[in-house]
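Heads up: the structure comes next, in structure tokens.
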Number of protein chains: 2
Amino acid sequence: MRSENRVTINDIARHSGVSRSTVSLVLRGSSRISKATVDKVKASIDALGYTYNRSAANLRTQTSQAIGLIINDLMNPFFTELTAAIEEAADREGFFVYLVQSNEDPERQNKLCTSLVEHGVAGLIICPATGSPRETFDRLHTQRVPVCIAVRPFPDDRFDFSGPDNFRAAELATNELLELGHERIAFLGGERGNPSRDDRVAGYFKALQQAGITFDPELVVESRPSRQSGVADVEKVLGLPNPPTAALCYNDFVAISVMHGLRRNEMEPGRDMALIGFDGMPEAEMSHPTLSTVSLRPRLIGTEAANLVIDRIKSADRPILRRVQSPELVLRESSEAPRQSNSPTRNRNPR
Amino acid sequence: MRSENRVTINDIARHSGVSRSTVSLVLRGSSRISKATVDKVKASIDALGYTYNRSAANLRTQTSQAIGLIINDLMNPFFTELTAAIEEAADREGFFVYLVQSNEDPERQNKLCTSLVEHGVAGLIICPATGSPRETFDRLHTQRVPVCIAVRPFPDDRFDFSGPDNFRAAELATNELLELGHERIAFLGGERGNPSRDDRVAGYFKALQQAGITFDPELVVESRPSRQSGVADVEKVLGLPNPPTAALCYNDFVAISVMHGLRRNEMEPGRDMALIGFDGMPEAEMSHPTLSTVSLRPRLIGTEAANLVIDRIKSADRPILRRVQSPELVLRESSEAPRQSNSPTRNRNPR
DNA sequence: CTATCTTGATAGAACGATCCAACATCACTT
DNA sequence: AAGTGATGTTGGATCGTTCTATCAAGATAG
């Protein structure tokens, strides 16, 4: 890029004895150019070592093949999987993805939006950071940037959305635990104000209510989710006079950390407390015991988000769409044995 | 980007009654413009809702703030951590990162290189896919693209490099197992031809040799690493007449999968077989038992890679640098107990 | 009173591509 | 022989910005 005498389309034209326009047509594979000319031009391209300048072309055509993707935290396998799916879908349509992390910081998120738009992305997929100001989205709206909001249900009906059904996911998980015979079910981790978490708590609450179980606020523990937070969360409820026999964990990370917390207190996850996480990250299958989880279908959400934004890039005026993916309960060892049945522990590593 | 009548610097000029050049100077915060004019122009910018077109500017100035990052697999926490560190370092220097995945596919990697260069990145950080053809790098070299090779030691002395010391890492791990009294030590996972793996096997070999232990080729199992591959790998050596009492695992993923394989055969990882992984991914701390590992210092490698490429962007002619980070042995439960001491199993979840 | 220096602002060319309208050829018609 | 079409090629304008050189006007100097 920074070489003083970059080879341009003009150099090719001069070298092959045709016009600049002809070279441009050859580059774009136009059928209107004779085979002889095409060969001549291609020979010059190889000879001079030409590299196409897509930015220049984009400037002229007012287009772009780039989609900006803003996610909160790359280290979370849920988002990693989402990203992978988005990249694949974008690739299929000839787009490619600029990936950046907001680190859950609304201000950084705002800067990133500006930067990406300035760099001329064709569209944006955003997983809104908790506490995102409306202003960021107002700007995007007036700038007419095609945007798809993903994963986190930011309340804004001006943009397409692709995300999970958090409420239903929590209902599913809670009902499963209820059916196993649990009556004291905790909800561990996550912070109030995070819409995903609040929706899950709401679903959990509804399922309890429908089962006629009185809701105990002490069983809902708030904390900023991290790789360690589950330890403290579960120890909090273990200290109660009437501790829970099962727990929903805000996400799979928290669940795995809760397993550690249990072991620190001489309890065996799965046997002494049933656990179900949320997300469906691949690691859940590798934990010990393997972790039951409600998969939010990150791949599906990602594919859908990419399709939505690409579709919107192509037709700015089509009506707003909301694609909510139904979750899938994935049962594994951590929620196998009901508490009250004092049957001997089953072999939890069959085969 | 695609609106028919985008607001440009010309519109601002017209609206505020100054020249195009003046607006440009205001945008770049030039000190040669009077405060009165600056205010006038800024007012127009707000009024018309202008967005800066950085691509156009880059075309004119022949510069770019973007760094392309090509990694093999986003789903691997090692790379995720590497990426995070690169992003942070780039951000500090005013650059931002286009992240793409090669999926370990040399052809895709080649396409991505082309695409990124065409899009005008200022430089490239590449973790070479296994089996990368020399040709890809030859092109980058003749195009004079600033490149830093990261993680995988691709044999090319024309580019800067930032990566781990795989040989030393394996030596460290092997010596630790030897000191614990193990004599039958396996090396599980990874494929011949992958330089990281081959270096690790070499270090393992040297350590065994120095300890006067005859190398048994049956203890080295090759496989394409995945989240499940360790199961088969370990079952292979368990089937031997004289099975190993300890194993080095190609990476932490493999190690965690090996734990599953052991349990499937009624063996307890850590107690019945000591395990040490490579990478130092955060999940290693969350496994059960917690996983001993040789941390390759992904954050350090990332920071260094970003610094190297940015430095090279600024001064193309400085000599080639190779930054090799020394690994760090992180001992946890999976390599606690030596096999031959038949002491009672220690509590492996101390409070 | 002319000469020189500052300060602030500007016009036109340039970056590397594409678009548009025009233009040769050459081959068929009629 | 002139008209019509198809085929292949082209020069100039253009995208939105910055660069270079220049300039007007006022200040300072001799």
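Note that the coordinates shown come from a computational prediction; the quantities given were computed from them, not determined experimentally. Residue numbering restarts at 1 for every chain, and letters A, B, ... go by the order of the sequence lines.
- When the P atom of dC19(C) is taken as reference, atom CG of Leu25(A) falls 9 Å away, rounded to whole Å.
- Counting to the nearest Å, the C1' atom of dT18(D) and the CG atom of Leu27(B) are 11 Å from each other.
- With hydrogens and angles ignored, a donor-acceptor pair closer than 3.5 Å exists between the side chain of Arg60(A) and the base of dT18(C).
- The side chain of Gln62(B) places no N or O atom within less than 4.0 Å of a non-bridging phosphate oxygen (OP1 or OP2) of dA14(C).
- In this entry the distance linking CD1 of Ile9(A) with P of dC15(D) reads 18 Å, nearest Å.
- The side chain of Tyr50(A) has dA17(C) as its nearest neighbour among dT17(D), dC15(D), dA17(C).
- Between Ser21(A) and dT18(C) there is no side-chain polar atom (N or O) within less than 4.0 angstrom of OP1 or OP2.
- The side-chain contact (heavy atoms from CB on, under 4.5 Å) test with Thr303(B) is passed by exactly one of Arg297(B), Arg92(B), Glu88(B): Arg92(B).
- Nucleic acid contact for Leu59(B): base, since at least one base atom lies under 4.0 Å from a heavy atom of the residue.
- Dashed line: the shortest gap from a side-chain N or O of Thr8(B) to OP1 or OP2 of dG16(D) is not under 4.0 Å.
- Distance, Arg6(B) CZ to dT14(D) P: 19 Å, rounded to whole Å.
- Protein atom CD of Gln65(B) is 11 Å distant from nucleotide atom P of dT18(D), rounded to whole Å.
- Counting to the nearest Å, the C1' atom of dA17(C) and the CZ atom of Arg14(A) are 15 Å from each other.
- Side-chain N/O atoms of Arg32(A) and base N/O atoms of dT7(D) include no donor-acceptor pair closer than 3.5 Å.
- Between Arg20(A) and Thr51(B), the residue anchored nearer the 5' end of DNA chain D, judged by the nucleotide with its closest heavy atom, is Arg20(A).
- A salt bridge links Asp91(A) to Arg108(B): one of the charged nitrogens lies within less than 4.0 Å of a carboxylate oxygen.
- Between Arg28(A) and dC19(C), a side-chain N or O to OP1/OP2 separation shorter than 4.0 Å is present.
- If you take NE2 of His119(B) and P of dG16(C), they are 17 Å apart, rounded to a whole angstrom.
- At a cut-off of 3.5 Å, with distance as the only test, no side-chain donor of Thr130(A) or Asn194(A) sits close to an acceptor on the other residue.
- In this structure, Asn10(B) places its CG atom 12 Å from P of dT14(D), rounding to the nearest Å.
- Here Thr22(A) does not reach the OP1 or OP2 of dG8(D): none of its side-chain N or O atoms lies under 4.0 Å away.
- Checked options Ile67(A), Ile86(A), Leu69(A); the residue passing with Leu99(A) is Leu69(A) (criterion: side-chain contact (heavy atoms from CB on, under 4.5 Å)).
- Residue contacts for Asn58(B): at a heavy-atom cut-off of 4.0 Å it reaches no nucleic acid atom on any strand shown.
- For the pair Asp160(B) and Arg322(B), the salt-bridge criterion is not met [side-chain N within less than 4.0 Å of a carboxylate O].
- In the set dT18(D), dA17(C), dT17(D), the nucleotide with an atom closest to the side chain of Ala56(B) is dT17(D).
- Ring-plane geometry between Phe96(A) and His119(B) is classed as tilted, the angle between the planes lying from 30 to 60 degrees on a 0 to 90 degree scale.
- Set against dG8(D), dG8(C), dA17(C), the side chain of Thr37(B) has dG8(C) as its closest nucleotide.
- Looking at which nucleotide of DNA chain C each of Ser19(B) and Thr61(B) is closest to, the 5′-most match is held by Ser19(B).
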